[in-house]
Structure formats: structure tokens, C-alpha cells
Amino acid sequence: MTEKIAVVTGGNKGIGYAIVKGLCERYDGTVYLTARDIARGEAALSINTFKDHLKKTHTGIDILVNNAAIAFKHDATDPFSLLQFVEVCNTLFPLIKQNGRVVNIKCWKPLM
Ligand SMILES: NC(=O)c1ccc[n+]([C@@H]2O[C@H](COP(=O)([O-])OP(=O)(O)OC[C@H]3O[C@@H](n4cnc5c(N)ncnc54)[C@H](OP(=O)(O)O)[C@@H]3O)[C@@H](O)[C@H]2O)c1
């Protein structure tokens, strides 16, 4: 049997991440997500690992508090981006139970 391998550079966000996700869903082989920053690469993968853990361990989510990546100060260097916020929502929303709640922490004034 011939092993099939796909490698995506810059796979931690943006188009690269979307391609990794698409390949993981459809590609009949091993997919490597590569990133120049290990922490950013791991962060991109960790939400799916967390989802798998929740699915295996619990019956769903009753309350999801969206607190991360809602607003940044102008000099923030965090790698977490709006795209990742949307990714977290897309990943975890299917696990929210009927009558479950989503709490979005809001920025009360624009940050410069
Ligand atoms: N989005 C568009 O509309 C569009 C249109 C035409 C062409 N493109 C091209 O398509 C590619 C992906 O676009 P995108 O919007 O998904 O970009 P992106 O969200 O900025 O993601 C770029 C990815 O490449 C990595 N990267 C950037 N410079 C690097 C370097 N010097 N060495 C190693 N890794 C590097 C980034 O790593 P870090 O996270 O560590 O920075 C990130 O993982 C880019 O090359 C862009 O120029 C995009």
C-alpha cells in the first residue's frame, strides 16, 4: 500500500489552516500542519483536541463563555486572531446542548 502524505506550510492560520482542515476532512492520507512558530501551530490544533475531549468525556456544553480574543490593546502580540475566534465558535457550537447558553464578553469601548 502506498502511503499518502500532505504537508501544508503556514498551516496555523488563514488559507493554510482552512486547507489543513479541508484535507483532514477529505484526504485519504496523513496531513502535516507546519508553522514557523510551534506555539501557534499547537494553538491551531488544540481546539480540535479539546472538542474531541469534550465529546468523549461529556454529553455537551451547557454554557460557553467567549472571552478570548474579543478585544486587543494596540500593542498586543497575541497570536489569537478573529479568525481563530470564529474557528472556536464553529468547532464548539455543535456541542452546545439544547437550551444551552453562549455568553459573549463584549468590548465596551473602542480600543485605540
Ligand atoms: N488572503 C488573500 O486574499 C490572499 C490573496 C492572494 C494571495 N495570498 C497569499 O496566500 C498566502 C496565505 O494567505 P493568508 O491570507 O492565509 O495569510 P496569513 O493569514 O497571513 O497566513 C500566512 C501564513 O504563512 C506564515 N508565514 C508568513 N510569512 C512566513 C515566513 N517568512 N516564513 C514562514 N512562515 C510564514 C504565517 O505564519 P505566522 O502565523 O507565524 O505569521 C501564517 O501561517 C500568503 O502567501 C498570501 O500572500 C492571499
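Predicted model only: the values in this text are computed from it and were never measured. In each ligand, atom 1 is the first atom listed, and ligand 1 is the first ligand listed.
Within a 6.0 Å sphere centred on OH of Y32, other residues, nucleotides and ligands contribute 12 heavy atoms or fewer.
Those atoms of ligand 1 that come under 4.0 Å of a heavy atom in N12, given as number and element, are 37 (O), 39 (O), 42 (C), 43 (O). Of all atoms in ligand 1, listed by their number and element, those nearer than 4.0 Å to a heavy atom of R40 are 38 (P), 39 (O), 40 (O), 41 (O).
Looking only at side-chain heavy atoms (C-beta outward), L92 and F50 come within less than 4.5 Å of each other. Looking at heavy atoms from C-beta onward, N66 lies out of side-chain contact with V103 at the 4.5 angstrom threshold.
Considering D37, I19, I15, T34 only, the shortest heavy-atom separation from atom 8 (N) of ligand 1 involves I15.
For ligand 1, the polar-atom distance check against G10 finds a nitrogen or oxygen pair separated by under 3.5 Å.
When the salt bridge (charged side-chain N to carboxylate O under 4.0 Å, His left out) test is applied to E25, the partners found at least two apart in sequence or on another chain are K21.
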